[in-house]
Chemist: 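First the structure, then my questions, so here it is.
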2 protein chains.
Amino acid sequence: MQPEISDHIFYSFLTGGLCASSSTTSTTTTSSFYPFAIEDTVSQEKALAAQRNHKEAERRRRERINSHLNKLRKLLSCNSKTDKATLLAKVVQRVKELKQETLQITDETLPSETDEISVLNSEDSSSNEDGRIIFKVSFCCEDRPDLLQDLMETLESLQMETIFADLTTVGGRSRNVLVVAADKEHHGVESVQFLQNALKSLLERSSKSVMMGHGGGGGGERLKRRRALDHIIMV
Amino acid sequence: MQPEISDHIFYSFLTGGLCASSSTTSTTTTSSFYPFAIEDTVSQEKALAAQRNHKEAERRRRERINSHLNKLRKLLSCNSKTDKATLLAKVVQRVKELKQETLQITDETLPSETDEISVLNSEDSSSNEDGRIIFKVSFCCEDRPDLLQDLMETLESLQMETIFADLTTVGGRSRNVLVVAADKEHHGVESVQFLQNALKSLLERSSKSVMMGHGGGGGGERLKRRRALDHIIMV
DNA sequence: TAACACACGTGACAC
DNA sequence: TGTGTCACGTGTGTT
């Protein structure tokens, strides 16, 4: 290792601080006592030009990378003095977040192919303080025009208040996520059963029902699902 | 420039290929003719250790950066041989895409505070070929329980078929985007007016209507909008 | 060979 | 003070 470096340095010294490629080292050591032989001058010039190109190419490469890093800084609204490493860490995090976010919207909110019902007692402790029980309701079923109305009537008959509702229907299937509140006067934890049963009958009505009237003008083939969303939020 | 490098190289040669910091250069040049004076040996060792630390710190820094870059490679499912620069370019693009995507979902689909109606003749030429005119309808208004039903009845009375619907209601306001098709037998381009008028009366009914019954159990204050979505898609 | 990309060690600067 | 970050030039491998 050391002799290589010594050679290298010696040659560098002769060429005025710029290193030639190590492959020419032998030639150089020979010619170093007969400096500026014509062939060597030519090859030195070539090598010099090569090093120069190399240097500039590397500079351009650095600039390219840094320019992209600066773009990322702007996109994440980071200070221009943010560390390269921490910047990249933030970028990784951001990409993960955004990926999951869009995935959640496109996938989790889309209805499943099979009918499903899920009623959960909300574990949010803060919502249990005000004398109400919070349930999170979620179900998938075949869509029909009066599903929403039926659902509301069902909840009303159970004396439950809809705090939040997320109803997604695509390609004839519907996914419904609701957060409902029930007075502790009328309801206990066992009301989960009431809800489940009510939803079950709702789904049964759904599966027997016909599909939305305006859906199939022409052929009978089922329309392909579109990757688009349609929302109703109630708060 | 050149003399600096020469000094640098000279010292490098003395220290066996490892460079000391330039601040010690003067000391070194003086001591180089009286090698290994005790104080200098000590300071050399210190400098050497410093350089060593520096070297390793830099190595760790590089590793940190590269590890993040590799994470990004995985997140974008890029080949491990993908260029740093092009990788970062892809990351920039991806972040932009995802940002816009979520922005579109969260903002564009959210209802505006003011009532709005927009009816456009779809410029999609392919949809005009099959003897039907395609309209893109979009409006924002105050939400009410029977808005959806009214909307459907309105479109039915106009003999228009809903190809796609995106209904978003949040915080008591509703945004509705629909793509409707009309037979050329019954409709022309001027039907845009019919649609607009029908929607106008729909909105007027909406603004006079009461808000959804189950919304305000406790205080009268308007519930803050939640950043969540609720969809109904019809195809 | 030439062009390109990468890791490395180093000097400089900041806190 | 040292500890961390950056840009640079260079050696080396790959295409």
Side-chain angles (χ1 to χ4, degrees), chain A residues 1-26 28 42-43 45-70 72-73 78-90, chain B residues 1-26 28 43-70 72-73 78-90:
Chain A
M1 186 97 180
Q2 274 183 236
E4 284 175 36
I5 294 178
S6 304
D7 282 357
H8 164 78
I9 289 162
F10 187 38
Y11 184 66
S12 298
F13 181 72
L14 289 178
T15 56
L18 277 171
C19 294
S21 74
S22 56
S23 58
T24 63
T25 310
S26 58
T28 319
V42 173
S43 68
E45 278 170 8
K46 272 185 86 174
L48 224 74
Q51 280 303 91
R52 195 191 161 117
N53 285 338
H54 183 33
K55 190 167 64 171
E56 285 172 359
E58 181 63 14
R59 211 197 71 243
R60 283 194 299 271
R61 176 179 163 269
R62 276 194 302 264
E63 280 173 0
R64 220 165 40 229
I65 292 174
N66 283 333
S67 107
H68 288 139
L69 286 175
N70 284 330
L72 286 172
R73 264 182 253 267
C78 274
N79 182 6
S80 63
K81 282 315 287 173
T82 333
D83 216 355
K84 270 185 193 178
T86 43
L87 168 68
L88 287 175
K90 284 182 182 178
Chain B
M1 186 100 179
Q2 277 184 229
E4 283 175 37
I5 294 177
S6 305
D7 283 359
H8 164 77
I9 290 161
F10 187 38
Y11 184 66
S12 298
F13 180 70
L14 290 175
T15 56
L18 277 171
C19 293
S21 73
S22 57
S23 57
T24 63
T25 309
S26 57
T28 320
S43 68
Q44 276 205 11
E45 279 170 7
K46 271 187 84 175
L48 225 71
Q51 280 304 90
R52 196 191 160 116
N53 285 339
H54 183 32
K55 190 166 63 172
E56 285 173 359
E58 181 65 14
R59 210 196 73 244
R60 282 194 300 273
R61 176 179 163 268
R62 276 195 301 266
E63 280 174 359
R64 220 168 35 233
I65 292 176
N66 283 332
S67 107
H68 288 138
L69 286 176
N70 284 330
L72 286 173
R73 263 181 255 267
C78 274
N79 183 7
S80 63
K81 283 313 288 173
T82 336
D83 216 355
K84 270 185 192 177
T86 44
L87 167 68
L88 286 176
K90 283 182 182 177

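Order of the sequence lines fixes the chain letters, A, B, ..., with proteins taken first and strands second; residue numbering starts at 1 for each chain.
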Chemist: More 5' along DNA chain D: Asn53(B) or Arg61(B), using each one's nearest nucleotide?
Modeler: Asn53(B)
Chemist: How long is the straight-line distance from OG1 of Thr86(B) back to CD1 of Ile65(A), given to the nearest 0.5 Å?
Modeler: 9.0 Å
Chemist: Taking donor-acceptor contacts at under 3.5 Å, does the side chain of Glu58(B) reach the base of dC8(C)?
Modeler: no
Chemist: Once you round it to whole Å, what is the distance between C1' of dT5(D) and CZ of Arg62(A)?
Modeler: 15 Å
Chemist: Any non-hydrogen side-chain atom of Arg59(A) less than 4.5 Å from a side-chain atom of Arg62(A)?
Modeler: yes
Chemist: With a 3.5 angstrom cut-off on both distances, give the Watson-Crick or G-U wobble partner of dA7(C), or none if there isn't one.
Modeler: dT10(D)
Chemist: How many Å lie between CG on Leu69(A) and C1' on dC6(D), as a whole number?
Modeler: 12 Å
Chemist: What is the distance from CD of Gln51(A) to C1' of dT12(D), rounded to the nearest Å?
Modeler: 12 Å
Chemist: Check this one for me: any side-chain N or O of Lys84(A) less than 4.0 Å away from OP1 or OP2 of dA7(D)?
Modeler: yes
Chemist: Answer whether the closest heavy-atom distance between the side chains of Lys84(B) and His68(A) falls below 4.5 Å.
Modeler: no
Chemist: Output, in order, the C-alpha distance, side-chain angles, deciding distance and verdict of salt bridge (Lys or Arg N to Asp or Glu O under 4.0 Å) for Glu58(A) and Arg61(A).
Modeler: CA-CA 5 Å; Glu58(A) 181 63 14; Arg61(A) 176 179 163 269; 2.9 Å; yes
Chemist: With a 3.5 Å distance limit and no angle check, can you tell me whether Arg73(B) reaches the backbone of Thr82(B) through a side-chain donor-acceptor pair?
Modeler: yes
Chemist: Without decimals, in angstroms, what is the distance between Asp83(B) CG and dT15(D) C1'?
Modeler: 13 Å
Chemist: Separation of Arg52(A) atom CZ from dA2(C) atom P, in whole Å?
Modeler: 17 Å
Chemist: Do any side-chain nitrogens or oxygens of Arg60(A) fall under 4.0 Å of OP1 or OP2 in dA5(C)?
Modeler: no
Chemist: Check the distance between dA5(C)'s P and Asn66(A)'s CG and give it to me in whole angstrom.
Modeler: 15 Å
Chemist: Is it the case that the base of dG11(C) and the side chain of His54(B) share a donor-acceptor contact (distance under 3.5 Å, atom types as modelled)?
Modeler: yes
Chemist: Calculate the interatomic distance between Lys81(A) atom NZ and dT5(D) atom C1'; express it in whole Å.
Modeler: 8 Å
Chemist: In whole angstrom, what separates Arg59(A)'s CZ from dA5(C)'s P?
Modeler: 15 Å
